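Each remark here refers to the structure printed beneath this line.
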Protein chains: 2
Amino acid sequence: MFSVSARTQYGIRALAYLARKPGWEAVGAEIAEAEDISPKYLEGILTRLAAAGLVRSERGKNGGYRLARAPDGVVMADVVAALDGEVRPVDCVDSLGICGHDTSCSSRKFWIGLKTAIDEYLGNRTLADIIENGADPGSAN
Amino acid sequence: MFSVSARTQYGIRALAYLARKPGWEAVGAEIAEAEDISPKYLEGILTRLAAAGLVRSERGKNGGYRLARAPDGVVMADVVAALDGEVRPVDCVDSLGICGHDTSCSSRKFWIGLKTAIDEYLGNRTLADIIENGADPGSAN
DNA sequence: TCTTTTTCCTATCGGTATAGTAGGATTATA
DNA sequence: TATAATCCTACTATACCGATAGGAAAAAGA
Ligand code: FES
Ligand code: FES
């Protein structure tokens, strides 16, 4: 339940690798080799991250990927949203009324509450929290 | 991301239907019809809930399903665990060392933190919270 | 201009899980 | 024995996912 796709796990490892490097930059093949990820598959992941503005990509010789912001500015909620989309436990988080006989659907609030809890967690962690030593910023224990 | 299976959504709706009925009991076909769920598919769901001890099932004539406990004793964490398994963002929540070069893996703590946040939310809500009017017990806002 | 290095794009494939269906076996009541 | 219900096993169809393949576009340097 609630398992995270390999795509997102790979993406986070790739970002963490970049964040640990001086200049926060590297070439795709290097990341793939260091993190033991299928190079071709990682390409698509990095492209997604670039499209979301989390990394800058430069083509051609001397090209590669570079973190768009400092690690403590890369919010994990944005990372997972870029790779696997927004947190959406059920389809009716925005559009009400799909599942049901209740006009003010009761379980809908339950799922929205879960979404909020997850978004809050992911919104309060950054890449910096991950590469340091743990993932526990003072907030929210 | 983090979408909930139809199985779990159906299961919760079925439990909510039972909780709203006097005696907390109904027959499978009745639930399926009222909640507009495929009857055959719902059978398997109710069997799982019965195996997890969340509902009692009685076979034969005058049989059916009944809530095993009062709605405020049915913890949502148990419900989703019965239907879709434990919350496990990554495989290495227990077994360390699958993904990585780090001995004290950094991203692992991140995922465990997420699991904890989700478990906390689900562990603090019961079926009663769902059938009332919202899903916001005083705790944890 | 030509070659090299890199990111980008599109299409495809095999595996796996999910939602749903089908048919019957079991159990209990009357 | 007939009926009404849960239980069990197997099957199908679809969709997504991880991965692969082959190249197209772009930037730099010789
Ligand atoms: S309208 Fe979506 S859960 Fe009810
Ligand atoms: S050991 Fe699993 S995330 Fe590193």
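In the text below, chain A, chain B and the rest are named by the order of the sequence lines, each starting its count at 1. Source: prediction; values computed, not measured.
Of all the heavy atoms in A:Val27 and A:Gly63, the pair that sits closest is CG2-O, 4.1 Å. In terms of heavy atoms, B:Ala82 sits closest to B:Leu54 at CB-CD1, 4.1 Å.
Using a 4.5 Å heavy-atom threshold, the side chains of B:Phe2 and A:Pro89 count as separate. In this structure, the side chains of A:Glu58 and A:Glu25 stay at 4.5 Å or more apart for every pair of heavy atoms. Taking 4.5 Å as the limit, every side-chain heavy atom of B:Val75 sits out of range of all side-chain heavy atoms of B:Leu122. Put simply, the side chain of A:Tyr121 does not reach to within 4.5 Å of the side chain of A:Met76, judged on heavy atoms. Side chains of A:Arg66 and A:Leu18 form no contact here, defined as non-hydrogen atoms less than 4.5 Å apart.
Between C:dT18, D:dG18, C:dT29, one nucleotide has an atom nearer to the side chain of B:Lys61 than all others, and that is C:dT29.
Taking five base pairs at each end of the helix from C:dT1-D:dA30 to C:dA30-D:dT1, the local helix axes there meet at an angle of 0°, rounded to 10°.
Proximity of a side-chain donor or acceptor of B:Lys115 to a complementary backbone N or O of B:Val87 within less than 3.5 Å is detected. B:Arg7 contributes no side-chain N or O that, together with a main-chain N or O of B:Ile45, makes up a donor-acceptor pair within less than 3.5 Å.
Contacts with DNA chain D (heavy atom under 4.0 Å) in residues 44-56 of chain A: none are found.
A close approach under 4.0 Å does occur between a side-chain nitrogen or oxygen of B:Asn62 and OP1 or OP2 of C:dA30. The phosphate of D:dT12 has neither OP1 nor OP2 within less than 4.0 Å of any side-chain N or O from B:Tyr41.
Taking for each of B:Tyr10 and A:Gly63 the nucleotide of DNA chain C with the nearest heavy atom, the 5'-most of the two is the partner of A:Gly63.
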All N/O pairs under 3.5 Å across the protein-nucleotides 23-25 of chain C interface:
unit_1: C:dG23; atom_1: O6; unit_2: B:Lys40; atom_2: NZ; d: 2.6
unit_1: C:dG24; atom_1: O6; unit_2: B:Lys40; atom_2: NZ; d: 3.3

*Determine, stepwise, if the pair B:Tyr17 / B:Tyr10 fulfils ring-ring contact (aromatic ring centres under 6.0 Å, His included).*
CA-CA 10 Å; B:Tyr17 179 82; B:Tyr10 292 166; over 10 Å; no
